[in-house]
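For reference, the structure is listed below as structure tokens.
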Amino acid sequence: MSEEKLIRLDMGKLDGDTHKTSDKPILCLGIESSCDETSAAIVDSDRNILSHIIYSQIPEHQKYGGVVPELAARAHILAIDEVIKQTLEKAGKTINDIDVIAATAGPGLIGGVLVGWLAATGLAQSTNKPLVAVNHLEGHALVPRLHASIANGEDGVNSVEFPYLLMLASGGHCQILLVRGVGQYELIGQTLDDSAGEAFDKIAKMLGLGYPGGPVVDKRASLGNPKAFNFPRPLCDKPGCDFSFSGIKTAARTFLEKASAPYSDEFINDFCASFQAAVVDCIVNRLNNAMHDERVISAAPKTLVVAGGVAKNSAIRASMEKLAAEKNMQFAAPPMNLCTDNGAMIAWAGLENYRLGKIVKEPVAPRPRWPLTEL
Ligand code: KG4
Ligand code: ZN
């Protein structure tokens with residue numbers, strides 16, 4: 001049935017398409033449940049987000065200082081039906097209006113992934129609709145093609161086209177990727193220990209600023225002196241594009257052992273500003289090296305892109321935009337609500353995969369680990 005459906009439902013216009021054969025946009029229902037957000041969205045192939053519901057579990061995990069997988073899985077079970085129902089209602093659609101269903105099938109906390117994936121599978125089977133198994137990281141990686149603000153672009157250019165150089169920084173991952181196309185990712189560099197998001201979260205925890213750490217550290221950093229503490233810039237004196245954040249974390253602990261709590265507001269602001277400056281320097285240094293990587297030079301990407309939850313960071317966005325300008329590249333970043341986990345990025349990645357015929361043809365086992373290079 002899926003193959004037939006695929007032929008009948010021709011995709012509307014997407015980047016690179018010159019032959020639009022159907023005027024009716026394709027509607028995709030996307031479902032995300034891999035961490036602490038239960039989210040669903042309906043996105044069409046003309047890049048409209050018809051509805052988008054994000055139910056954040058953050059308040060439920062805050063008292064534990066991080067996501068508790070078992071609690072997250074239970075919270076997804078309680079929320080998923082209502083989130084999908086509201087998403088359809090808000091768009092003024094019924095499930096019969098949906099052309100394709102997509103859900104995160106990994107990587108992530110497996111209990112949560114299972115909840116969203118099984119809900120999507122049940123819906124697709126009971127309604128005879130095509131189903132796409134979306135890699136969560138591919139959701140982050142492709143969402144700038146749905147919506148992004150673009151800097152340094154040529155006049156009239158407002159979309160992100162392949163190939164592009166991507167800084168993917170989230171709570172679970174920190175990678176530099178050459179994105180050649182849907183499902184075509186080349187790993188240029190990655191963290192050897194913590195992800196960038198984890199580093200933000202851990203620093204916030206040390207300072208007693210709560211969870212998640214990124215937003216609050218970002219805010220406090222804007223009020224502080226980035227030169228107050230001399231954090232290390234791990235690996236920046238070495239060639240290559242890999243990251244390491246554990247040395248920054250150890251330095252943070254050492255600084256804090258020398259100071260005594262409770263810390264003043266000024267101390268916290270300076271500490272956050274100095275920590276963030278170190279992370280920014282590492283990102284710029286590694287991206288600069290990535291631009292000299294032979295694979296990147298020969299692919300000649302026109303756009304430098306940031307995605308993932310950490311892409312919300314104001315200093316990281318600003319410094320990457322500056323780097324892109326120096327290298328005569330465009331810079332693209334998704335809007336804030338599409339950086340952290342959300343259903344719209346899964347719906348969009350679902351549409352992009354559907355367009356290439358990448359639909360589920362036999363049962364799929366969700367994966368806690370699923371590198372982008374294994375697509
Ligand atoms: O992509 P995401 O929602 O979840 C994963 O797939 O992991 O990313 C969440 C991460 C958290 O570590 C959070 O602290 C970080 O994104 N984050 C930020 C900011 N907002 C969220 N990090 C730095 N600055 C921010 N403004
Ligand atoms: Zn994510």
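Note that ligands are numbered from 1 as they come in the structure, with each ligand's atoms numbered from 1 the same way.
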For atom 11 (C) of ligand 1, what's the nearest protein heavy atom and its distance?
Asp201 OD2, 3.7 Å
Do Asp193 and Ser244 get their side chains close enough for a donor-acceptor pair, meaning under 3.5 Å?
yes
Between ligand 1 and Asp218, is the shortest N or O to N or O distance under 3.5 Å?
yes
Metal site the Zn ion (ligand 2): N/O/S of His140 inside 2.8 Å
yes
Protein contact to atom 10 (C) of ligand 1 [nearest heavy atom, distance to 0.1 Å]:
Gly171 N, 3.5 Å
Any chance you could measure Arg295, atom CZ, to Arg180, atom CZ, to the nearest 0.5 Å?
8.5 Å
For atom 21 (C) of ligand 1, closest protein heavy-atom neighbour
Gly309 O, 3.4 Å
Does any N or O atom in Pro212 lie less than 3.5 angstrom from one in ligand 1, N or O only?
no
Sub-3.5 Å N/O-N/O distance, Thr340 and ligand 1:
no
Can an N or O of Gly308 be found at a distance shorter than 3.5 Å from an N or O of ligand 1?
no
Can you check the angle at the Zn ion (ligand 2) formed by OD1 of Asp341 and NE2 of His136? Round it to the nearest 10°.
100°
Would you call Asp265 and Leu223 a side-chain contact if the rule is heavy atoms closer than 4.5 Å?
no
Side-chain donor/acceptor of Lys129 to backbone N/O of Ile98, under 3.5 Å:
yes
Between Tyr164 and Gln330: side-chain donor-acceptor atoms closer than 3.5 Å
no
For Gly197, the ligand 1 atoms with a heavy-atom partner under 4.0 Å come out as 12 (O)
Which option wins on minimum heavy-atom distance to atom 4 (O) of ligand 1: Asp341, Asn342, Leu137, Asp36?
Asp341
Where ligand 1 meets Pro215 - atom numbers and elements under 4.0 angstrom, heavy-atom basis:
19 (C), 20 (N), 21 (C), 25 (C), 26 (N)
Output yes when the distance from some N or O of ligand 1 to some N or O of Phe200 is under 3.5 Å, and no in every other case.
no
Under 6.0 Å from the CD atom of Gln62, do we count more than 12 heavy atoms belonging to anything else shown?
yes
In ligand 1, which numbered atoms sit nearer than 4.0 Å to a non-hydrogen atom of Gly172?
7 (O)
List the closest protein heavy-atom neighbour of atom 18 (C) of ligand 1: residue, atom name, distance to the nearest 0.1 Å.
Gly214 CA, 3.4 Å
for atom 24 (N) of ligand 1, nearest protein heavy atom and its distance come out as Asn313 ND2, 3.1 Å
Just which atoms of ligand 1 are under 4.0 Å from any heavy atom in His140?
1 (O), 6 (O)
Can you tell me if NZ on Lys327 sees more than 12 non-hydrogen neighbours from other groups inside 6.0 Å?
yes
Closer than 4.0 angstrom: is that true for some heavy atom of His136 and an atom of ligand 1?
yes
When you check the side-chain N and O atoms of His76 and Ser33, is any donor under 3.5 Å from an acceptor?
no
Taking Pro144 as the fixed residue, which of Ile150, Val179, Val305 is the one that meets the side-chain contact (heavy atoms from CB on, under 4.5 Å) rule?
Val305
Going from CG on Asp218 to CG on Asn313, what distance comes out if it is rounded to the nearest 0.5 angstrom?
4.0 Å
Under the side chain to side chain donor-acceptor pair (under 3.5 Å) test against Gln86, which residue among Lys90, Glu89, Glu82 passes?
Glu82
